[in-house]
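The first residue in the sequence is number 1, and the count goes up from there. Remember, it's a predicted structure, so these values are computed and weren't measured experimentally.
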Amino acid sequence: MIPQQIPRGSVVKSTVRASLKDKYVSAVIAALSPMFAFLTIYFLGSIWNVLFEGKFAFLSLVFFAVSAIFVVCPIVLGSVKYFWIVTEGGNPNPAEVFCYFGSFFRYKRAIKTTLLICFRLGATFFVCLLPYFIVMLLSNSWLYQFLGTEIPLWVTGLVVLESFLRIAGFAVALFLSLKDYLALAVIVMDDDMLLLEAFHISAMVSRRSYASFIGLVFSLLFWIIVSVFVVPIIYTAPLMLGCYAVHSRYALVNYNMNLDYYSKE
């Protein structure tokens, strides 16, 4: 049996536009809610710095980081859930973005999801960039001052290697992180699924779908670039979140349909 292929980016985008027809206003509200929450926290942090003339900048940074984890991230997860429902044919209320604040169980689940993603990303990037950190340490004059020795001549040759390892480390880390890109979709799809199981499913399915996802990202590259100008984000944010939801559903359904074929490989 020949495995079924995941639809191209053009099909995904047309599916999203059809799903958001007559629901555009609520989709914009749902898509921009995390951004509004982020800007509100940033504004409060700026007021803090102005009132105290920057004397407690560290506390302001802590407030920003904690608020991002405990306020913004659950809203992001709620926004993903909204677009999962709306692209499935439902008509959810934009207030769905706050659904993870509705019960302690769901809120705790959102926080655990955020912390687990941060840990996995941090561990991946740390391991991939470890050679760069080692070379950077060896090429730092401070190390030899601390050891009380002269800087070896071979250290000057580490500059090129340091740049290569930094670029290569980031590239490899980004590639390896793709295995988790479906985790959010799986988590919002099933509120009862264990988080580690969701990441496991993402790792299995993404091996067959990451190329299609990269192609989708490149097809959205123009919209990603114009989003920098802020105003176009009213259109681009719902489109990109909708594309993530639709692509994720296609990837999961495609994997399940071809499970027998993949199991024989």
Side-chain angles (χ1 to χ4, degrees), residues 1-17 19 31 73 76-77 79-81 83-84 87-88 113-132 164-190 193-225 227 236-265:
M1 181 185 69
I2 299 176
Q4 299 295 315
Q5 299 299 315
I6 299 174
R8 294 182 300 176
S10 58
V11 176
V12 172
K13 286 183 283 189
S14 63
T15 303
V16 172
R17 293 189 182 100
S19 300
C73 289
V76 171
L77 199 60
S79 186
V80 173
K81 189 173 186 65
F83 281 93
W84 181 269
T87 54
E88 199 174 27
T113 300
T114 302
L115 295 177
L116 187 56
I117 289 174
C118 290
F119 173 78
R120 292 172 71 91
L121 285 176
T124 300
F125 274 85
F126 176 77
V127 171
C128 292
L129 289 171
L130 187 58
Y132 161 71
F164 170 78
L165 289 175
R166 181 174 64 248
I167 296 172
F170 269 105
V172 172
L174 285 173
F175 178 78
L176 293 178
S177 297
L178 279 175
K179 70 181 184 298
D180 291 336
Y181 88 90
L182 287 168
L184 287 183
V186 178
I187 289 168
V188 302
M189 178 185 67
D190 188 348
M193 181 177 292
L194 295 176
L195 296 182
L196 290 179
E197 184 180 356
F199 280 92
H200 176 66
I201 291 174
S202 175
M204 290 193 302
V205 179
S206 62
R207 287 182 296 177
R208 313 291 175 180
S209 64
Y210 76 89
S212 176
F213 180 69
I214 293 174
L216 175 63
V217 171
F218 275 104
S219 74
L220 291 169
L221 193 58
F222 171 76
W223 299 114
I224 294 172
I225 293 173
S227 296
T236 58
L239 175 65
M240 289 187 286
L241 282 168
C243 284
Y244 171 74
V246 171
H247 166 83
S248 298
R249 184 177 290 105
Y250 276 137
L252 292 167
V253 170
N254 175 269
Y255 183 83
N256 287 329
M257 288 176 61
N258 297 290
L259 195 56
D260 291 338
Y261 174 85
Y262 293 143
S263 63
K264 293 177 183 177
E265 286 190 323

Apply the test side-chain contact (heavy atoms from CB on, under 4.5 Å) to residues F213 and S206: give CA-CA distance (whole Å), side-chain angles for both, the deciding distance (0.1 Å), then the verdict. CA-CA 9 Å; F213 180 69; S206 62; over 6 Å; no
Apply ring-ring contact (aromatic ring centres under 6.0 Å, His included) to residues F175 and Y210 and explain how you reach the verdict. CA-CA 9 Å; F175 178 78; Y210 76 89; 5.5 Å; yes
Given the rule in the side-chain contact (heavy atoms from CB on, under 4.5 Å) test, do L184 and I117 qualify, once you have shown the distances and angles that lead to the verdict? CA-CA 10 Å; L184 287 183; I117 289 174; 3.8 Å; yes
So F125 and S177, side-chain contact (heavy atoms from CB on, under 4.5 Å) or not? Walk me through it. CA-CA 9 Å; F125 274 85; S177 297; 3.8 Å; yes
Give the C-alpha distance, both sets of side-chain angles, the deciding distance and a yes or no for side-chain contact (heavy atoms from CB on, under 4.5 Å) between V11 and T15. CA-CA 6 Å; V11 176; T15 303; 4.2 Å; yes
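Put simply, CG on L77 and OG1 on T114 are 7.0 Å apart, with the number rounded to the nearest 0.5 Å. Summarising the geometry, atom NE2 belonging to H200 is positioned 14.5 Å from atom CG belonging to L195; distances are rounded to the nearest 0.5 Å. Expressed to the nearest 0.5 Å, how far CE of M193 lies from CE of M189 amounts to 5.0 Å. The CG atom of L116 sits 4.0 Å away from atom CZ of F199, with the distance rounded to the nearest 0.5 Å. In this structure, CZ on F222 lies 8.0 Å from CD1 on I225, to the nearest 0.5 angstrom.
Proximity of a side-chain donor or acceptor of R166 to a complementary backbone N or O of L129 within less than 3.5 Å is not detected. For N256 (side chain) and L252 (main-chain N/O), a donor-acceptor pair under 3.5 Å exists by modelled atom type. When atom types are taken as modelled, the side chain of S79 and the backbone of V76 share no donor-acceptor pair closer than 3.5 angstrom. For S202 (side chain) and K179 (main-chain N/O), a donor-acceptor pair under 3.5 Å exists by modelled atom type.
Y181 and S209 are linked by a side-chain donor-acceptor pair at a separation below 3.5 angstrom, with hydrogens and angles left out of the test. S227 and T236 form a side-chain donor-acceptor contact under 3.5 Å, judged by distance and modelled atom types alone.
Ring centroids of Y244 and F83 are separated by 6.0 Å or more, keeping the two rings apart.
For the pair L165 and P131, the tightest heavy-atom approach, listed with the atom from each and the gap, is CD1-O, 3.7 Å.
Counted within 6.0 Å of CZ on R8, heavy atoms from surrounding residues, nucleotides or ligands total 12 or fewer; the atom is thus considered open.
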